[in-house]
Amino acid sequence: MTTDQRTIKLQAEGSANRARADQRHRQTREPAWGKTYRKLLVASDSLAVTIAVVISMVLMTPSGDALVGASGVGLPYTAVAATLGIIWLLALSAGGSRNPWADPVF
């Protein structure tokens with residue numbers, strides 16, 4: 001094995017060791033309070049989204065029977081609002097908003 005080959009091999013091993021160390025650092029155990037805190041965040045996020053959806057429904061459809069759509073094709077506003085609320089909560093989860101130890105997705 002030549003000196004250049006040894007150098008390349010050592011560099012590759014060093015990179016692999018650094019990658020393993022970074023991965024171990026990211027996978028460190030969450031503090032005991034972290035799980036409780038995350039559950040409270042999920043609950044408060046769900047409550048906030050639910051309140052926002054209900055307020056929007058009350059303001060947008062006082063009679064409660066409005067349809068969203070055009071050309072005679074429409075969906076009940078309640079179904080659309082509930083779907084948007086679920087998408088909102090899923091986006092919060094996918095974005096890692098409740099895990100300060102995760103790398104941001106967006």
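These numbers come from the heavy atoms of this one structure, side chains and all, not from hydrogens, waters or symmetry mates. All figures in this text were calculated on a predicted structure; none of them were measured in a lab.
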Tracing side-chain links under 4.5 Å among I, L, V, M, F, W and Y, which residues wind up in one group with I87?
none
Apart from L90 itself, which Ile, Leu, Val, Met, Phe, Trp or Tyr residues share its cluster (side-chain heavy atoms under 4.5 Å, direct or through members)?
I86
Do any pairs count as a side-chain hydrogen bond (donor to acceptor under 3.5 Å, both in side chains) and have a residue in residues 42-57, sequence neighbours left out, and if so which ones?
D45-R98
According to salt bridge (Lys or Arg N to Asp or Glu O under 4.0 Å), does anything in residues 47-60 pair up with another residue at least two apart or in another chain? List the pairs.
none
Tell me every residue that passes side-chain contact (heavy atoms from CB on, under 4.5 Å) with I51, counting only those two or more places apart in sequence or in another chain.
L47, I55
Are V80 and M57 linked, directly or through other ILVMFWY residues, by side chains that come within less than 4.5 angstrom of each other?
yes
Looking only at heavy atoms, the pair that brings A82 and V53 closest together is N-CG1, 4.4 Å
